[in-house]
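Note sheet for the following structure.
Here is the naming used below: chain letters follow the sequence lines, and residue numbers restart at 1 for every chain.
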Amino acid sequence: MDAGNPGFFLINLDGTVTPSSALAAHIAIGYGSAPALPEEPPERLPLARAFQLNAEQESQFMKWLELARKRHRDLRWEKLAALAPVQETRISKAGNAASGDEDGHVRLAYRKIEDAAGNLAAIAVFTVDASPGRALARELEAERLRHKLEVRDVLALAANPPETVGAFLVDARTRLDAGRKEWEAWLAERKVAGLPVPGAWGGTAEESPGQRLFRELHMVKGNAGAFGFESLAAGAQECEDFLETLKQPGPGSERAGARLAASLSGLRTQLEELLRAMKLIEGEGQDAMARVLKWKLERLVIGTAVFDLARVEPPLRALLEATRKLTFLSPAYLVRKYRNLVERLADNLGKQVNFRVTSNTGDIHPESFSRVDEAIVHILRNMVDHGIESPAEREALGKGEAEIGFEFVAEEDRVFLRIRDDGRGMDPASIADRGVAMGLVTRSEADSLDEVGKLGLIFLERFTTRSEADMVSGRGLGLALAARCVADRGGNIYVYSRPAEGTRFAIELPHIGQKRLS
Amino acid sequence: MASSVVIVDDSKFQTMQLGRFFSDVMGFQVLATGENGEEAVELYRTHKPDLITMDLTMPKLDGRGALTRILGEFPDAKVLVISAVKGPLLLDCLSIGAKSYIEKPLRFDKEDFVRDFKATIGEILQSS
């Protein structure tokens, strides 16, 4: 709006505006009574220009003026004024245009001006600066969001055992630092060699620094989400997105590179702050005590393995047995984090999932499966996102509430973790077709595979059934990363599935810790 | 004699709320309620109430159509628009001849809302 100084101006019934500067010389305005209309206001602006209206808005404003003229006697003015098409407008701060100040907002108050015969003569408009209110509202909103995220962080810190949260945060920091270091070294090398920075990454046989960084970010994102550190997950996602745009360098690469660097350092700061917050909540001293205690226990437990328990006197045997079990945890406790993850993801996607845990051994060694944490997280994300149908779909199929089951099976020399859902399942033939279409296998290779082999194609990097990446399962990397993680720990991963019945993943690992005593 | 009203709204709940307000607070006689524009026209013909309230977005015949037909047959009809719509359509209805409007949501728990509602009905009844 450029109708002169804010404060007061007139709208004439012909659809023009008389700015206050032009009126100032003619009239004085009192709030008590309607101001008199000057006989010949000297300067008039078209309404559309004064309010920056497009043709449609202008026609609506004219309609309103006509209505006001016609009905101002029998329809209460407040009701008419409330219908004016412009209630609030932006006003450029005179002289401040170059300073980059935001435009101000003004609320408009309309008052009618009648002539001696009681006809509507013009409409006076008073402007009330709404900018401070708006700025305050914006600030409050930002503050509210910050507070919300902080509360989430605190809840995440409180809802998970300090040991696991601490381990995650330290692990995330290590991963991030390592990934970053490699990436930055690579950038520096290219710079020295006179190559464009950043350059294309990915597509090599060995893991490139870009792929490494991407994998670490993906992992940090997944685990952060699992613990409920939403801002951290979002920060990692942001880094992933920048890195993804750098895969094929283009005109905006330099800028994206700078933004990636900034986001990475932001992510690092977030991690440090969470670690600091954790110490505030848990206390450093306690943390240290817990570590000593755990260390002592481990030594004792190692002791139990040295004895030939069959030859130990029963009272001592009971003591050793009890000692060993001190470090064991119930499966329900171990999977708390995964339960949180599933519930949170399901919630985000508007799904309902029942989480069930069973174990054939009662308590288990706490590190039985933490080695393949990465794989578990990816599998669960996939299940909730792709496997489980929406509540409406399930109802139509008569399937009832969805369930994800966790089953721990310990055998003499190996342990199994089975994760199953009762979702839509996968069709081996379709998976094979998809693999062929994506160029991951040839037709004849695909045809030679049995059902389990066909399903196994989902573990190949770049296998995805989606064209768009999303927050939950990313870009089809998840299951490939899961498979790599299990393989790195000397284990195997299997998938079985039946369309409409569900999908089952099995992770087989060498047994950790001691053989069972009984 | 108590003033009379016909209430038309496609939401049964809102019709009920409005009916209660007109009878309990305003002392009106609620002659009938309807759910769409066609019923609005029919009910007006049958009852010739002192006031008819109507929503704008309704099935069969919308509020604007019903308003046009009622005023075509009964130019003195007092029609109060009660709607969440506040744009060009409402301007149109007021130009055609709706006496006034009340903006939804219905907040009978708010003093301001009730005060404005009462004042609006008073103005309509006084108008010729």
Side-chain angles (χ1 to χ4, degrees), chain A residues 11-17 34 47-48 50-90 105 107-112 114 117-123 125 128 130 133, chain B residues 3 18 26 50-57 63-64 67-68 70-71 74-107 110-128:
Chain A
I11 295 176
N12 307 294
L13 294 187
D14 61 359
T16 60
V17 166
L47 184 71
F51 280 119
Q52 294 161 19
L53 303 176
N54 64 30
E56 195 193 322
Q57 293 165 325
E58 186 188 9
S59 117
Q60 212 191 313
F61 208 107
M62 292 307 289
K63 253 190 191 165
W64 176 73
L65 276 180
E66 178 55 26
L67 182 72
R69 194 187 60 73
K70 203 164 123 190
R71 301 287 305 270
H72 77 99
R73 281 199 192 85
D74 70 316
L75 190 53
R76 205 172 351 135
W77 183 254
E78 294 95 272
K79 296 218 124 181
L80 273 170
L83 293 178
V86 180
Q87 296 290 335
E88 201 175 284
T89 189
R90 287 154 72 90
H105 279 267
R107 276 200 311 279
L108 304 179
Y110 295 89
R111 285 183 68 196
K112 63 173 170 175
E114 292 174 5
N119 295 316
L120 187 66
I123 293 165
V125 184
V128 185
Chain B
S3 301
L18 286 166
M26 301 301 295
D50 295 324
L51 177 70
I52 180 165
T53 76
M54 65 170 75
D55 193 7
L56 289 184
T57 43
R64 188 183 184 281
L67 174 74
T68 312
I70 291 174
L71 287 174
F74 310 94
D76 295 334
K78 290 174 175 169
V79 183
L80 172 64
V81 171
I82 301 181
S83 174
V85 177
K86 211 184 164 187
L89 179 62
L90 182 56
L91 289 186
D92 236 27
C93 291
L94 291 168
S95 294
I96 292 168
K99 288 294 177 199
S100 192
Y101 70 96
I102 294 289
E103 210 183 326
K104 280 185 187 174
L106 302 173
R107 295 303 305 268
K110 297 262 186 216
E111 241 177 75
D112 287 357
F113 179 85
V114 173
R115 196 183 310 123
D116 176 66
F117 206 139
K118 285 181 178 171
T120 303
I121 293 169
E123 285 153 16
I124 295 175
L125 292 183
Q126 273 167 29
S127 70
S128 47

(request) Below 4.5 Å from any heavy atom of chain A, which atoms of L90(B) appear? Answer side chain, backbone, both or neither. (result) side chain

(request) To the nearest 0.5 Å, tell me how far L91(B) CG sits from F61(A) CZ. (result) 10.5 Å

(request) Heavy-atom distances under 4.5 Å only: say whether R76(A) touches chain B with side chain, backbone, both or neither. (result) both

(message) For K70(A), I'd like to know if atom NZ has over 12 heavy atoms of other residues, nucleotides or ligands within 6.0 Å.
(response) yes

(request) For each of E78(A), R71(A), E66(A), tally heavy-atom pairs with chain B at distances under 4.5 Å, and name the one with the top tally. (result) R71(A)

(message) Can you tell me how far apart CD (Q126(B)) and CG (D74(A)) are? Round to the nearest 0.5 Å.
(response) 12.0 Å

(request) Below 4.5 Å from any heavy atom of chain A, which atoms of D92(B) appear? Answer side chain, backbone, both or neither. (result) side chain

(message) Using heavy-atom distances under 4.5 Å, tell me whether K79(A) contacts chain B through its side chain, its backbone, both, or neither.
(response) both

(message) Are the side chains of K63(A) and S95(B) in contact, using a 4.5 Å heavy-atom criterion?
(response) no

